[in-house]
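In what follows, a single structure is set out as structure tokens and then discussed.
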2 protein chains.
Amino acid sequence: MVTINDVAKAAQVSTATVSRVVNNGPKVGAKTRQRVLDVMEQLGYRPNANARALASQRSTTLGVVIPELTDPFFASLANGVEVVARNNGMQLLLSTGLQSAETERQAIQLLIEQRCEALVVHSKKLDDATLLEFASQVPGLILIDRYIPAIKNRCIWLDNMEGGRIAARYLLSLQHTQIACINSLHEIDDPRLRQEGFEQILSESGHPLSDQLTVRNEPTLKGGELAAQQLLARDTPFSCVFAYNDAMAIGAISVFEDNGFKVPGDISVVGFDDVLISRYSRPKLTTLHYPIQEMAESAATLALQFNGSESTESTKCKYIPTLVKRESVSPEQA
Amino acid sequence: MVTINDVAKAAQVSTATVSRVVNNGPKVGAKTRQRVLDVMEQLGYRPNANARALASQRSTTLGVVIPELTDPFFASLANGVEVVARNNGMQLLLSTGLQSAETERQAIQLLIEQRCEALVVHSKKLDDATLLEFASQVPGLILIDRYIPAIKNRCIWLDNMEGGRIAARYLLSLQHTQIACINSLHEIDDPRLRQEGFEQILSESGHPLSDQLTVRNEPTLKGGELAAQQLLARDTPFSCVFAYNDAMAIGAISVFEDNGFKVPGDISVVGFDDVLISRYSRPKLTTLHYPIQEMAESAATLALQFNGSESTESTKCKYIPTLVKRESVSPEQA
DNA sequence: ACCATAAGGGAAAGCGCTTACATTTTAACC
DNA sequence: GGTTAAAATGTAAGCGCTTTCCCTTATGGT
């Protein structure tokens, strides 16, 4: 590969001047600049980002850790970070955590080794202590979808509990009283918090959530199908269900319909996340919008400025999901 | 950040020795190694990947260029590359091309500047000449979903025409004769080739594709809906449609059903790509499986070995889509 | 004991840049 | 034309590593 030296020689200037041209720095005469530019073009010069990063002590990469790329939810998250990277002329370095603490740790470490300018981390498996440790080592590290009080201004998270409340209020407002809940069985905060908020409102309304109508399963399409079957097998009537996420909701809907229940006619279903498929499904899914891309963008922006100055405490950290009414919920018509 | 020098000093060895330990190199005694390891641990040493890349002239990053992250198809592609990266202890550097020639070019250039060890590029907008130019500059550059004869062993592509043929044969085998086609209006090869293969078989069978039953639109859910409406408005009866991709297929299905046609009862629909949503849709979509993740893995592997030695011509470059029969197609029952 | 040999470890020269500082050129003014 | 300040360019010291030699010790054979 042609180096800055080759360019310097060919253009009969010092490497310093070439460097200035490359970085659009000042203090370069118009003629010289043009000559250097021409030589660069002609030689096909591509500055070595590694050397640049090393010499300048700053890099043009933005790192992001997500569990997996193929989940549309995380793809949106990565996308949000990518948008910010692009807007700042940076590159996206992506590592997947694959749902295991050890891979999550490795992913973060690798990104640190790459000396990313900033890091947006989605970690559910690593414990607070480990994350705090990383955060203390890396200034531009921001956690997304996670809340750790000690570094609360470096966390961007969704108010899951409020999400549960919103769903509950909505269902109650439509006169539903026999309410079911399909939750994830993963041992993370989200399922717990969503259900907690949900139950809270139901209890307050005098229609507490019945254990009979609460089931857990994998937070996937398949898991939703199984959960729906369990629910049906309980033989306790219900007119609506609050699902942990859109995938489970859609899985559940297909089982309900296969069993002769119309959605939303006989059973209303509300999902969570509002990922793309909720718009593709039939009926289109009523769900809680999780503004993940927006959150990711804000996380990345925050990460970038955190790295620079420690100021600007103004960023919004807590996001509230919003209800998106589509076609999978109707008033109770008993 | 603590550097190799700090470690060397603390462990009372030279940086060369530390380097050897880090790289698991030979020529370092067991005791020394352990001492260095301890110091590294204690100081929280993280080798600087940029410096490493610079000094060793090889990097641990694998670059990938895709149009966008949020499209599940491309997410799978990126995922395939990520898998290979992970298996080789490397990192994924991702750039999106955003469907424009200029951004595609920039994306590639940026990755070159990062000195990725290998590059998997999905480009539809850049012309052959530009791509050839890049390919000649970067040994480890592989094109995916694209075929350029001059560098055919560095291309991994799908036989779109054969895909069209397979769809056509299948539909014909079910006695369909009034056949429609919903295609993408993008000016790239894929739509053209798929339709070409499709038409070829139909013509051979004596039931050539009618212009009346061919419509084009954006290759999206919305585009599929619009296309279906156009088709319906044509007032020419048809019993099945071959859609450009799953999104269009699903969009079309919803319009058909909204207009009182049962799928597959009245109208059969076959999609293309077999992305996740095709399994979430109702009815589940019969479609042509595009083994994009597998192709991406193979592309990344190829890219990596190309970079090393120029040998191993054995890689499979052409992939054939396979028919996945699900629920959106039934025999003609006229 | 003696020397050959191998094994462990160090010195130092880069890798391709950036950048503070020094130097030269140019332009501007009286 | 001479003086200066400003503008343009060059010099060179790193950035944090890797890696080639080279040197110092053990080791073992005789």
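In what follows, every chain begins at residue 1, and chains take the letters A, B, ... in the order their sequences are listed.
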Review point. Salt bridge check: are A/Asp189 and A/Arg146 linked by an N-O gap of less than 4.0 Å?
Key: no
Rounded to whole angstroms, how far apart are [atom1] on [X] and [atom2] on [N]?
X	N	atom1	atom2	value
A/Lys9	C/dG16	NZ	P	11 Å
A/Asn5	D/dA12	CG	P	14 Å
B/Asp6	D/dC17	CG	P	9 Å
A/Leu54	C/dG14	CG	P	17 Å
B/Ile4	D/dC17	CD1	C1'	6 Å
A/Asn48	C/dT18	CG	C1'	13 Å
B/Arg33	C/dG8	CZ	C1'	11 Å
A/Arg115	C/dT18	CZ	P	19 Å

Check your understanding: Does B/Gln57 have a side-chain nitrogen or oxygen under 4.0 Å from the phosphate oxygens OP1 or OP2 of D/dC17?
Key -> no
Exercise for review: May I ask you to verify if any side-chain N or O of B/Thr3 is less than 4.0 angstrom from the OP1 or OP2 atom of D/dG16?
Suggested key: no
**Study point:** 4.5 Å side-chain heavy-atom contact, B/Leu110 and A/Gln91
**Key:** yes
Practice item. Give a yes-or-no answer on whether the side chains of B/Thr103 and B/Ser100 include a donor-acceptor pair shorter than 3.5 Å. Key: yes
Practice item. Please determine, by modelled atom types, if B/Thr60 and A/Gln114 share a side-chain donor-acceptor pair under 3.5 angstrom. Key: yes
Review point. Hey, mind stepping through A/Asn23 and A/Arg52 against side chain to side chain donor-acceptor pair (under 3.5 Å) and telling me if it holds?
Key: CA-CA 10 Å; A/Asn23 295 294; A/Arg52 294 232 252 180; 2.7 Å; yes
What's [X] touching, base or sugar-phosphate or nothing? Going by heavy atoms closer than 4.0 Å.
X	value
A/Gln12	sugar-phosphate
B/Pro26	nothing
B/Val13	sugar-phosphate

With the criterion being N/O to N/O and under 3.5 Å, what pairs connect the protein with nucleotides 19-28 of chain C, and how long is each?
residue : atom : partner : partner atom : Å
C/dT19  : OP1  : A/Arg58 : NH2          : 2.8

Exercise for review: May I have the step-by-step check of side chain to side chain donor-acceptor pair (under 3.5 Å) for A/Gln109 and A/Glu113, ending in yes or no?
Suggested key: CA-CA 6 Å; A/Gln109 286 190 335; A/Glu113 294 186 3; over 6 Å; no
Exercise for review: Quick one: list whatever passes side-chain hydrogen bond (donor to acceptor under 3.5 Å, both in side chains) with A/Ser136, sequence neighbours left out.
Suggested key: none
